[in-house]
Each structure stands twice: as structure tokens, then as C-alpha cells.
Amino acid sequence: MKRLIHAAIIIPFFLLAGCLNPTVVSIVEAAHEAALVENDELVGTYFSDDFMEERSLEGLSDGLAEDVRNSEGVKLMNMKEIKEGQLRQEIVEKFNTRYDGEWNMVAGQTGETFITVWIVKKENHRYVIVEGEEMDIDTYNEQILK
């Protein structure tokens, strides 16, 4: 009986664990979802102040929403965290220097032949997007990944 109770508790945990995205991926997905419903104010909360100084909130939000529509949904953008071990050494060194080793990379497909790479960093006890760059898949494979 004890085994049955333990199994009833443990199995759902493992099933759910596989469905959960890392926090940094969830941040990027949530920014895209907010853009899709045209909540520009919420979109702005997912990005660092420095990032937002360089672009208009409306333009950023429109671009994110367009990416979601082109992909037919946030989940179909295949967002995933790219770990340091998957990256070229010069990329790791570049971001370690720029962000004192405190950064995460998220990549998502934004078109048939394009990938957007987002850098997410923890600032003031919350994660924010500090950089983003769209590139073609060949560039991503040749210059970003090992």
C-alpha cells in the first residue's frame, strides 16, 4: 500500500517536470505572449531599462507579436535555453565579460530560416531580457553553436 501511495505522489511530479520550461525560457515566452495580446506595458516589464532605451516599446511589441503570428504560436517557436557547453568559447567569453558570468541564452525560431537569440539576466531579484538578435540559421549554427 505504501508503494502505491508513493507512486501516486511521485509519478505526477515526474510527468509535470518534463512540461516545465526553465525560468529564462518562460520569461521570453511571456514577453511574446504579452505582445500578441497587445499589452505593451507588460511587454516592457520583461526587458531591461538599457534594452528599452535603444528602441520603442510599440515597435518592439509589434515585432514580437509578428514573430508569434508568423510561427503560428509561441510554443511553435521552439524556445529553448542554450547552455554554455553548447556555445562556441568566444561567445561564452564575450557574455561572461559583458555580464560578469551571470547570463542565460534563449533561442527561438522566428521564421523558416531565422533564429532570435535572447540574453536573459537576473537584475534586482527578477529575470529580464538584456539583449536580442535575429540571425539566419546558418549564422546561428556557424557562429553561436559549437
Between [X] and [Y], what is the shortest heavy-atom contact and its length?
{"X": "Glu123", "Y": "Ser48", "answer": "OE1-CB, 3.9 Å"}
{"X": "Phe51", "Y": "Val130", "answer": "CD1-O, 3.4 Å"}
{"X": "Tyr46", "Y": "Ala31", "answer": "CD1-CA, 3.6 Å"}
{"X": "Ser71", "Y": "Leu76", "answer": "O-CB, 3.3 Å"}
{"X": "Ala34", "Y": "Leu42", "answer": "CB-CD2, 3.7 Å"}
{"X": "Ser61", "Y": "Val43", "answer": "OG-CG2, 3.7 Å"}

Q | Over 12 non-hydrogen atoms of neighbours within 6.0 angstrom of CD in Glu58 | A | no
Side-chain touch [X]/[Y], heavy atoms, less than 4.5 angstrom:
{"X": "Val120", "Y": "Val28", "result": "yes"}
{"X": "Lys83", "Y": "Met105", "result": "no"}
{"X": "Ile144", "Y": "Leu87", "result": "yes"}
{"X": "Asp67", "Y": "Met77", "result": "yes"}
{"X": "Arg88", "Y": "Ile91", "result": "yes"}
{"X": "Asn104", "Y": "Ile82", "result": "no"}

Applying the 4.5 Å side-chain criterion to the ILVMFWY set and letting contacts propagate, would [X] and [Y] be lumped into a single cluster?
{"X": "Ile119", "Y": "Val25", "result": "no"}
{"X": "Tyr99", "Y": "Phe47", "result": "no"}
{"X": "Phe95", "Y": "Ile129", "result": "no"}
{"X": "Val24", "Y": "Val92", "result": "no"}
{"X": "Tyr127", "Y": "Leu60", "result": "yes"}

**Q.** Pairs touching residues 96-122 that satisfy salt bridge (charged side-chain N to carboxylate O under 4.0 Å, His left out), sequence neighbours left out
**A.** Arg98-Glu131
State the [atom1]-[atom2] distance between [X] and [Y], to the nearest 0.5 angstrom.
{"X": "Leu145", "Y": "Gln143", "atom1": "CG", "atom2": "CD", "value": "11.0 Å"}
{"X": "Met79", "Y": "Gln109", "atom1": "CE", "atom2": "CD", "value": "10.5 Å"}
{"X": "Phe114", "Y": "Asn70", "atom1": "CZ", "atom2": "CG", "value": "11.0 Å"}
{"X": "Glu81", "Y": "Thr23", "atom1": "CD", "atom2": "OG1", "value": "9.0 Å"}
{"X": "Gln89", "Y": "Glu93", "atom1": "CD", "atom2": "CD", "value": "4.5 Å"}

Q.
Quick one, Arg69 with Leu36, criterion side-chain contact (heavy atoms from CB on, under 4.5 Å). Give me CA distance, side-chain angles, the key distance, then yes/no.
A. CA-CA 8 Å; Arg69 283 190 288 277; Leu36 188 61; 3.8 Å; yes
Would you list the atom pairs, donor with acceptor, under 3.5 Å between side chains in residues 134-141 and any protein atom, with sequence neighbours excluded?
unit_1	atom_1	unit_2	atom_2	d
Glu134	OE2	Thr110	OG1	2.7
Asp136	OD1	Asp138	N	3.0
Asp136	OD1	Thr139	N	2.8
Asp136	OD1	Thr139	OG1	3.1
Asp136	OD2	Thr139	OG1	3.1
Asn141	ND2	Ile137	O	3.3

Q.
Between Arg126 and Thr45 (side chain of the first, backbone of the second, donor and acceptor by atom type, cut-off under 3.5 Å), is there such a pair?
A. yes
Q.
Parallel, tilted or perpendicular, judged at 30° and 60°: which one describes the rings of Trp118 and His32?
A. perpendicular
